[in-house]
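For reference, the structure is listed below as C-alpha cells.
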Amino acid sequence: MKFKKEIKDIDLMLLLSMIFLIIIGLVAVTSASFPTAKKYNLNSFHFLIRQGAFLILGIISMILIIRVPRGVIYKNITWLFILSVILILLLWTPLGYNKNGQSRWLDFKVIPLKFQPSDLLKLTSIVFLSKYLSRNIYTLREPKNFLIAVAIMGISVGPIMIKDFSTAVVIGVSLFAILLAAGINKKQFLFLVVLGIALIFVILKDPENEFRLKRIFGFVSDSTDYQSSALYQARQSLYAFALGGYSGVGLFRSRQKYTNLPEAYTDFIFSVIAEEFGFIGTFIVILLFIIYIYRGYMIAFKATNYFDKFTAIGMTTYIGIQAFFNMGVCAKLLPVTGITLPFISYGGTALVMAIVSTAILLKISKEGTI
C-alpha cells in the first residue's frame with residue numbers, strides 16, 4: 001500500500017521508458033562486454049554484475065530522492081555544487097586516473113572503484129543554476145544578475161572542458177537551455193553563443209587537444225583512408241550497422257565487438273545493438289528516448305514553480321543531448337566524442353546519476369505539477 005501511494009502521482013510513462021532502457025542496457029552490456037571479459041580472464045558476466053550493483057545503488061537513490069522533501073534538495077544544492085567542482089579540480093592531482101590518454105576518473109586508492117566526477121557535476125550544476133534563476137527570474141536581464149548566471153555556467157563548464165570536452169558540451173547545452181527558458185534577451189543570447197564558440201576555439205587550440213581536432217577533420221574529410229585513426233572508430237561502427245540490417249544478426253552474435261569495434265560496451269554500445277537487433281532494435285531505443293524526453297519536457301511545462309520548471313528542463317536536456325550525441329557518433333552523424341549512452345552504456349557513476357536525474361523528474365511530476 002505504501003509503495004502504491006508513493007508512485008500514485010508520478011509520471012509512469014517516464015518511469016517505464018527508463019526501465020525499458022535499463023533492461024536493454026543490461027542485455028547489451030552482457031553481450032558487448034563478453035570479449036573484454038574473456039580477454040582479461042574475468043567471469044563472463046563480470047561487467048553485468050558490476051552494472052547490476054550500481055543499478056541497485058541507483059534504485060535506492062531514486063527511492064530516497066522521491067521520499068525526501070524537495071526543500072532538502074533546495075537547501076543543500078549549494079554545497080553539493082561546490083563539492084562537485086572540487087572533485088573536478090582533483091583530476092589535476094595524483095588522484096586523477098588516466099585512461100586512453102584522458103584523465104576523467106578519480107581513483108581514491110582505498111576503494112576498488114573509480115569515480116567520474118563530471119557525472120555528478122551535470123546534476124548539481126543544473127539544480128544550482130535553477131535555484132539561482134528561480135530567485136532572480138524577474139531581474140535576470142539586469143547585467144549583474146545575468147553575469148552571475150554566466151559565471152555559474154563558466155565554473156561548471158570551464159574546468160571540465162579541459163579534461164572531458166564532450167561532457168562539458170552536454171553540461172553547457174543543458175544550462176543554456178535553462179537560461180533560454182528563463183527568458184534571456186537577444187543580446188544576452190548572442191553573448192552566450194559568442195562566448196561558447198570562443199571557449200571551444202581556445203580549448204581546441206591547446207596542443208593537448210590535437211586528437212580532438214583530428215577527429216573533427218576526419219569527420220568532415222572525404223578521405224578514403226580506412227586505416228586513419230581519426231576515421232577508424234566511425235567506420236567500424238558503420239560496419240556494425242550494415243551487418244545488422246533490418247532485424248539484426250541475433251543476440252550475442254555481433255562480430256564487430258570482438259576485435260574491430262573499440263569501447264564496444266561503453267561508447268559504442270549502440271552500434272552493438274544495431275548489429276545484433278538491426279533497425280528494429282535501434283528504432284525501439286530511439287523511440288524510448290523520444291518518449292522520455294517528451295515526458296520530461298511535459299513535466300517542466302506543467303511545473304507550478306520556476307525552480308522545478310528549470311530543473312526539469314535541465315535534466316531532460318542533459319539526458320536528451322547526451323543520447324543524441326552518442327547515437328549520432330555511432331551512426332557517423334557527429335565526430336567521435338567519447339560520450340556514453342544514458343541508461344544503456346556500461347558505467348556505474350553514469351548509470352546512478354541518470355537514475356537520480358530521473359528520480360528528480362519523477363519527484364517534480366508527483367509534487368510540483370498542475
Side-chain angles (χ1 to χ4, degrees), residues 50-51 53-54 57-58 60-61 64-65 73 75-132 148-175 196 199-200 202-212 263 266-267 314-315 318-319 321-322 325 337-340 342 345-357 360:
R50 289 174 64 90
Q51 190 80 335
F54 281 104
L57 179 60
I60 294 172
S61 301
L64 290 174
I65 288 173
I73 299 174
K75 291 177 181 178
N76 291 282
I77 188 56
T78 300
W79 73 263
L80 286 172
F81 174 67
I82 294 172
L83 174 63
S84 62
V85 173
I86 292 173
L87 290 174
I88 291 295
L89 295 177
L90 289 178
L91 291 173
W92 277 268
T93 72
L95 293 176
Y97 175 76
N98 190 292
K99 180 181 179 183
N100 296 331
Q102 298 182 64
S103 182
R104 297 180 178 181
W105 295 265
L106 289 176
D107 187 356
F108 292 105
K109 314 297 182 182
V110 294
I111 54 175
L113 293 173
K114 295 175 180 64
F115 173 71
Q116 195 163 355
S118 59
D119 288 318
L120 177 62
L121 182 62
K122 291 173 188 173
L123 271 64
T124 58
S125 61
I126 287 170
V127 180
F128 184 68
L129 181 62
S130 298
K131 178 181 178 178
Y132 174 77
I148 291 175
V150 173
I152 294 172
M153 288 187 67
I155 293 170
S156 303
V157 174
I160 190 60
M161 182 169 275
I162 301 172
K163 291 292 185 181
D164 192 347
F165 182 80
S166 53
T167 297
V169 172
V170 170
I171 295 173
V173 172
S174 302
L175 300 183
L199 184 59
I200 291 173
V202 170
I203 294 297
L204 291 180
K205 287 290 288 183
D206 189 324
E208 291 186 5
N209 291 311
E210 184 180 353
F211 72 97
R212 291 193 174 99
E263 308 296 336
T266 54
D267 300 354
M315 294 298 176
Y318 137 55
I319 294 293
I321 198 69
Q322 185 162 324
F325 280 168
T337 60
I339 204 165
T340 56
S345 293
Y346 174 79
T349 312
L351 177 61
V352 172
M353 292 300 109
I355 293 174
V356 168
S357 67
I360 294 172

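In this text, all values refer to a predicted model and were calculated from it rather than measured experimentally. The figures that follow rest on heavy atoms only: side chains count, while hydrogens, waters and symmetry mates do not.
- Heavy atoms only, all atoms of each residue included: Thr266 and Tyr346 are closest at CG2-O, 3.6 Å.
- Taking 4.5 Å as the limit, some side-chain heavy atom of Tyr318 sits within range of a side-chain heavy atom of Ser357.
- Under the 4.5 Å side-chain criterion, counting only non-hydrogen atoms from C-beta, Gln116 is not in contact with Met353.
- The CG atom of Leu106 sits 7.0 Å away from atom OG1 of Thr93, with the distance rounded to the nearest 0.5 Å.
- Rounded to the nearest 0.5 Å, atoms CD1 (Ile152) and OH (Tyr132) are 6.5 Å apart.
- Here the straight-line distance linking atom CG of Leu175 with atom CZ of Phe128 works out to 11.5 Å at 0.5 Å rounding.
- Heavy-atom minimum distance, Phe81 versus Leu121: CE1-CD1, 4.1 Å.
- Taking CD1 of Ile321 as the reference point, atom OG of Ser174 lies at 7.5 Å (rounded to 0.5 Å).
- Of all heavy-atom pairs between Ile126 and Gly314, the closest is CD1-O, 3.3 Å.
- Counting heavy atoms from C-beta on, the side chains of Met315 and Leu123 come closer than 4.5 Å.
- Using a 4.5 Å cut-off on side-chain heavy atoms (C-beta onward), Ile160 and Leu91 make contact.
- Looking at Trp92, its side chain never comes within 3.5 Å of a backbone N or O of Leu89 through a donor-acceptor pair.
- Under 3.5 Å, the side chains of Thr340 and Ser345 contain no donor-acceptor pair of N or O atoms.
- For the atom pair CD1 (Ile339) and CZ (Phe325), the distance works out to 7.0 Å, reported to the nearest 0.5 Å.
- A distance of 12.5 Å separates OG in Ser84 from NZ in Lys122, rounded to the nearest 0.5 Å.
- Closest heavy-atom contact between Pro159 and Gly154: CD-O, 3.7 Å.
- A heavy-atom distance below 4.5 Å is not found between the side chains of Thr349 and Leu120.
- Closest approach of Gly58 and Ile355 over heavy atoms only: O-CG2, 3.3 Å.
- The shortest non-hydrogen separation linking Leu80 to Thr124 is O-CG2, 3.9 Å.
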Let's go through Ile73 and Ile65 carefully: what are the C-alpha distance in whole Å and the side-chain angles of both, what is the deciding distance for side-chain contact (heavy atoms from CB on, under 4.5 Å) to 0.1 Å, and is it a yes or a no? CA-CA 9 Å; Ile73 299 174; Ile65 288 173; 4.3 Å; yes

